[in-house]
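Predicted, not measured: the structure shown is a model, and the values here were computed from it.
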Amino acid sequence: MDFKRTKLNSLSLAGRVGKEKERNMSVSELPRKEANVLKGHEGAVLAARFNSDGNYCLSCGKDRTIRLWNPHRGIHIKTYKSHGREVRDVHVTPDNSKLCSCGGDRQIFYWDVSTGRVIRKFRGHDGEVNAVKFNEYASVVVSAGYDRSLRAWDCRSHSTEPIQIIDSFLDTVMSVCLTKTEIIGGSVDGTVRTFDIRIGREISDDLGQPVNCISMSNDGNCILASCLDSTLRLLDRSTGELLQEYKGHACKSYKMDCCLTNTDAHVTGGSEDGSIFFWDLVDASVISKFRAHSSVVTSVSYHPKDNCMITSSVDGTVRVWKT
């Protein structure tokens, strides 16, 4: 059962996300000062992600490795090597004990963090894999692939077959988000599709432009989608309504992350010229813009509690930003 939603263009946004006093946070409280540069990758870094408490981060890249860091002290802790091609995404469980990764070798790797051992490899995608996420219980990994599918894998089972395949997309699936009951995918076909796994319902929101990244607001009410027309679009999850658009950056040919700050007061994302942008959530004005990297910014990850973020780039570095 699936249906498309029609869009209403109303920007009645202020009441929907974030709290007024947090939105009034001054620009000086945004993380714009470089605290550390994490060096070690050979070639482009394709993603950098905080762990759930923000004390550590993981990065992955063209050099086929995943690296674990303490970003606050600028220390490299461990390198994970087993992928045969570039590593495009990585995600760690809430208890920091396991991680999953994916990339050009078409497989999802499930790792033990402390030993660095690969526990399992999930095979089944017919092309490169763009994104991976654990569910909140760390029992399932969901992956997004070039083969136009989302696939769910049971980490506790010894089967390497997916437990679910969602293949209603018309083009590459670039990004995935999970809630307790839903799998949400963003695709080059221009849609953000939400699958309610309890009742088997699919809802498709057509943005009319290729989607290369989606992320959820912290309150769970909105989805932020980065599109290849150099525009970020904010959608109301319950209605599919387009709430706001954020522009000024360049995003035409690279997979680039976007996210909201931990108060949901600002939207942040990178640009192909190496800049980082902060927009006001409600009026979409550019609050701050600065040159963070010498090349394309591939990912942004905001600290769960503090005014801190990490960014990664084709320039081979991960940078840590604080106030």
Side-chain angles (χ1 to χ4, degrees), residues 46-47 49-53 56-61 63-68 77-169 172-187 193-202 214 216:
L46 299 177
R49 311 268 181 252
F50 275 114
N51 73 330
S52 58
D53 63 13
Y56 298 95
C57 71
L58 287 152
S59 60
C60 59
D63 64 3
R64 309 179 181 187
T65 71
I66 298 154
R67 288 166 196 259
L68 174 65
I77 299 166
K78 198 173 182 71
T79 299
Y80 302 84
K81 291 182 183 176
S82 192
H83 276 280
R85 299 273 303 277
E86 84 277 3
V87 189
R88 297 197 176 168
D89 197 13
V90 60
H91 193 215
V92 66
T93 56
D95 68 359
N96 300 317
S97 68
K98 308 288 191 301
L99 62 88
C100 61
S101 59
C102 67
D105 54 16
R106 305 183 174 198
Q107 303 177 82
I108 291 87
F109 284 52
Y110 178 54
W111 307 74
D112 183 281
V113 170
S114 59
T115 65
R117 188 175 64 87
V118 177
I119 301 166
R120 201 159 298 124
K121 295 178 187 176
F122 297 113
R123 299 180 177 91
H125 277 287
D126 296 330
E128 298 164 23
V129 188
N130 294 313
V132 282
K133 282 274 193 335
F134 282 110
N135 68 345
E136 68 172 318
Y137 310 111
S139 57
V140 173
V141 172
V142 180
S143 55
Y146 260 96
D147 60 5
R148 308 179 175 188
S149 77
L150 288 165
R151 290 170 191 247
W153 316 84
D154 185 348
C155 298
R156 297 167 302 188
S157 146
H158 287 283
S159 166
T160 53
E161 295 293 304
I163 53 174
Q164 186 161 13
I165 300 173
I166 296 167
D167 55 6
S168 50
F169 294 93
T172 301
V173 191
M174 295 299 287
S175 187
V176 61
C177 288
L178 305 178
T179 69
K180 278 187 170 70
T181 58
E182 296 154 314
I183 299 173
I184 307 160
S187 170
R193 296 174 195 247
T194 303
F195 305 89
D196 189 318
I197 43 197
R198 295 169 307 180
I199 58 176
R201 183 181 67 175
E202 172 190 330
I214 57 171
M216 205 172 313

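Shortest non-hydrogen contact noted between S139 and N135 is N-OD1, 2.9 Å. Contact record, R106 with E128: CG-N, 4.0 Å, taken as the closest heavy-atom pair. Closest of all the heavy-atom pairs between C155 and F122 is CA-CZ, 4.2 Å. The two residues M174 and A131 come nearest to each other via the heavy atoms O-CB, 3.6 Å. The shortest heavy-atom contact between L58 and V92 is CD1-CB, 3.6 Å. Of all the heavy atoms in D154 and R156, the pair that sits closest is OD1-N, 2.9 Å.
Side-chain contact between L150 and F195 is present, with heavy atoms from C-beta onward closer than 4.5 Å. At least one side-chain heavy atom of H158 sits under 4.5 Å from a side-chain heavy atom of R120. By the 4.5 Å heavy-atom criterion applied to side chains, I66 and W111 are counted as neighbours. Contact of the Q164 side chain with the V140 side chain is not registered, since no non-hydrogen atoms from C-beta on lie closer than 4.5 Å. Side-chain contact check for K121 versus S82: some heavy-atom pair is nearer than 4.5 Å. At a threshold of 4.5 Å between non-hydrogen side-chain atoms, the residues H83 and R85 do not count as touching. Counting only heavy atoms from C-beta outward, the side chains of R123 and T160 never approach each other to under 4.5 Å.
A distance of 7.5 Å separates CG in D167 from CZ in R151, rounded to the nearest 0.5 Å. Atom OG of S101 and atom CG of L99 lie 6.5 Å apart (nearest 0.5 Å). Remark: K180 NZ to Y137 OH distance equals 5.5 Å, nearest 0.5 Å. Atom CD1 of residue I183 and atom NZ of residue K133 lie 12.0 Å apart, to the nearest 0.5 angstrom. Between the CZ atom in F109 and the SG atom in C102 there is a gap of 10.5 Å [rounded to 0.5 Å]. The CZ atom of R148 lies 12.0 Å from the CZ atom of F169; values are rounded to the nearest 0.5 Å.
In this structure a side-chain-to-backbone donor-acceptor pair under 3.5 Å is missing from R67 to G61. S149 places no side-chain N or O within 3.5 Å of a backbone atom of I165 that could act as its donor or acceptor partner. A donor-acceptor contact shorter than 3.5 Å links the side chain of T93 to the backbone of K98. Judged by distance alone, with hydrogens and angles left aside, the side-chain atoms of T65 form no donor-acceptor pair with the main-chain N or O of Y80 at under 3.5 Å. Here the side chain of D105 pairs a donor or acceptor atom with the backbone of G84 at under 3.5 angstrom. When atom types are taken as modelled, the side chain of K78 and the backbone of L68 share no donor-acceptor pair closer than 3.5 angstrom.
Within a 6.0 Å sphere centred on NZ of K81, heavy atoms belonging to other residues, nucleotides or ligands number 12 at most.
The only member of V142, I163, I108 that meets side-chain contact (heavy atoms from CB on, under 4.5 Å) when paired with W153 is I108.
Taking the six-membered ring where tryptophan is involved, the planes of F134 and H91 are tilted, since the angle between them lies from 30° to 60°.
Classification of R49 and D89 as a salt-bridged pair holds, one side-chain N sitting under 4.0 Å from a carboxylate O.
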*Evaluation steps, side chain to side chain contact (heavy atoms under 4.5 Å, CB included), between S97 and V113*: CA-CA 5 Å; S97 68; V113 170; 5.7 Å; no
*Verdict with reasoning, R193 to I166, per side chain to side chain contact (heavy atoms under 4.5 Å, CB included)*: CA-CA 10 Å; R193 296 174 195 247; I166 296 167; over 6 Å; no
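A donor and an acceptor atom, one from each side chain of D196 and T194, are nowhere located under 3.5 Å apart.
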